[in-house]
A.B. asks: 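The structure is given below, and queries will be raised subsequently.
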Amino acid sequence: MGKRHAATALGPAVARGLPPHPLSTGRSAAGFADVAAALCGRLGITRVTAVVGVSGGGATAVAMAARHPETVERLVLQCAVGPLPWPDRRTYLGAQVVFGPGRERVTWSLVRALVRRAPDTALRLLLRDLTTLPS
């Protein structure tokens with residue numbers, strides 16, 4: 001494995017730490033980004049092709065790209081959660097109701113059924129907030 005790919009392969013190990021000596025990265029995305037950049041430096045990795053932030057890792061990926069631009073060529077965010085709080089209380093409470101314990105499976109089953117039976121309607125409903133064009 002070349003050095004260019006080593007950071008990707010080590011990512012999960014760094015995130016979890018390796019027993020019996022877990023890594024201490026602090027509690028912030030910036031802290032973890034700094035530790036990841038330091039690890040790349042210790043491994044001799046001077047440039048990373050892409051930092052990928054998936055879901056809750058989005059804030060850390062953004063921090064890595066922003067704090068270490070000399071190391072990161074590209075930033076890829078996939079379904080990433082940002083560092084900002086929920087837009088409002090209603091949205092937060094709605095998410096708790098729809099995706100709460102025991103209900104998430106039912107919710108996604110209903111979404112799949114809607115997509116299969118009425119794909120145009122499902123697409124309009126699911127993507128309506130991604131545009132300012134009239135529906």
Side-chain angles (χ1 to χ4, degrees):
M1 173 182 332
K3 286 187 179 182
R4 183 174 202 115
H5 302 289
T8 301
L10 290 171
V14 173
R16 287 191 303 270
L18 296 173
H21 306 290
L23 296 171
S24 174
T25 62
R27 294 183 163 261
S28 70
F32 186 82
D34 292 344
V35 169
L39 176 62
C40 286
R42 295 230 6 176
L43 294 173
I45 300 169
T46 57
R47 199 84 173 128
V48 177
T49 303
V51 172
V52 180
V54 179
S55 189
T60 302
V62 169
M64 178 78 172
R67 294 173 68 87
H68 304 283
E70 70 285 353
T71 303
V72 178
E73 282 184 36
R74 293 175 189 88
L75 171 64
V76 177
L77 299 174
Q78 180 179 345
C79 302
V81 176
L84 301 176
W86 285 92
D88 57 35
R89 184 168 172 76
R90 189 180 86 190
T91 302
Y92 176 78
L93 292 174
Q96 295 301 310
V97 169
V98 174
F99 294 105
R103 293 182 295 270
E104 184 174 9
R105 178 175 282 169
V106 173
T107 298
W108 287 116
S109 294
L110 292 171
V111 169
R112 278 191 296 277
L114 177 63
V115 168
R116 287 186 184 126
R117 287 181 179 82
D120 290 341
T121 301
L123 192 60
R124 276 196 291 280
L125 286 171
L126 294 170
L127 301 180
R128 71 174 176 230
D129 293 333
L130 299 179
T131 182
T132 57
L133 297 175
S135 44

A.B. asks: List in chain and number order the residues that pass side chain to side chain contact (heavy atoms under 4.5 Å, CB included) with Ala122, two or more places apart in sequence or in another chain; answer none if no residue qualifies.
C.D. replies: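 Per chain and number, Ala122 pairs via side chain to side chain contact (heavy atoms under 4.5 Å, CB included) with Leu114, Val115.
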A.B. asks: Which residues pass the side chain to side chain contact (heavy atoms under 4.5 Å, CB included) test with Glu104, not counting sequence neighbours?
C.D. replies: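 Glu104 satisfies side chain to side chain contact (heavy atoms under 4.5 Å, CB included) with Phe99, Trp108 only.
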A.B. asks: Out of Leu77, Val72, Val76, which one pairs with Val51 under the side-chain contact (heavy atoms from CB on, under 4.5 Å) rule?
C.D. replies: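 So the option named by the test is Val72.
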A.B. asks: Could you grab the distance from atom OG1 of Thr91 to atom CD of Gln96, nearest 0.5 Å is fine?
C.D. replies: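 Rounded to the nearest 0.5 Å, the OG1-CD separation comes to 11.5 Å.
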A.B. asks: How close do Leu126 and Val111 get, heavy atom to heavy atom, and via which atoms?
C.D. replies: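 It is CD1-CG1, 4.4 Å.
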A.B. asks: Please name all residues satisfying side chain to side chain contact (heavy atoms under 4.5 Å, CB included) with Thr121, sequence neighbours left out, ordered by chain then number.
C.D. replies: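 Expected list: Ala118, Arg124, Leu125.
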A.B. asks: Which atom pair, heavy atoms only, marks the closest approach of Cys40 to Val48?
C.D. replies: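 Looking at all heavy atoms of both residues, the closest pair is SG-CG2, 4.1 Å.
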A.B. asks: Tell me, please, which residues at least two apart from Arg103 pass side chain to side chain donor-acceptor pair (under 3.5 Å).
C.D. replies: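 None.
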A.B. asks: Any idea which heavy atoms bring Thr60 and Ala33 closest together, and the distance?
C.D. replies: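 Heavy atoms only, the tightest pair is O-CB, 4.1 Å.
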A.B. asks: Among pairs that include at least one residue of residues 48-66, which meet salt bridge (charged side-chain N to carboxylate O under 4.0 Å, His left out), considering only residues two or more places apart or in two chains?
C.D. replies: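 Found none.
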A.B. asks: Contact between Val97 and Leu93 at the side-chain level, heavy atoms closer than 4.5 Å - yes or no?
C.D. replies: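 Side-chain contact under 4.5 Å: no.
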A.B. asks: I need the minimum non-hydrogen distance between Pro69 and Arg47, along with the two atoms involved.
C.D. replies: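 Of all heavy-atom pairs spanning Pro69 and Arg47, the closest is O-NH1, 3.1 Å.
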A.B. asks: Under the salt bridge (charged side-chain N to carboxylate O under 4.0 Å, His left out) rule, what pairs show up with a residue in residues 54-67, not counting sequence neighbours?
C.D. replies: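 Applying salt bridge (charged side-chain N to carboxylate O under 4.0 Å, His left out) to every pair that reaches into residues 54-67, excluding sequence neighbours, yields Asp34-Arg67.
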A.B. asks: Over all heavy atoms of both residues, which pair between Gly53 and Ala80 is shortest? Give the atoms and the distance, please.
C.D. replies: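 Heavy atoms of Gly53 and Ala80 come nearest at O-CB, 3.9 Å.
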A.B. asks: Working to the nearest 0.5 angstrom, can you tell me the gap between Thr71 OG1 and Ile45 CD1?
C.D. replies: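 Output value for this atom pair is 10.0 Å.
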A.B. asks: Any chain of hydrophobic side-chain contacts (each under 4.5 Å) joining Val52 to Met64?
C.D. replies: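 No, Val52 does not connect to Met64 through the hydrophobic network.
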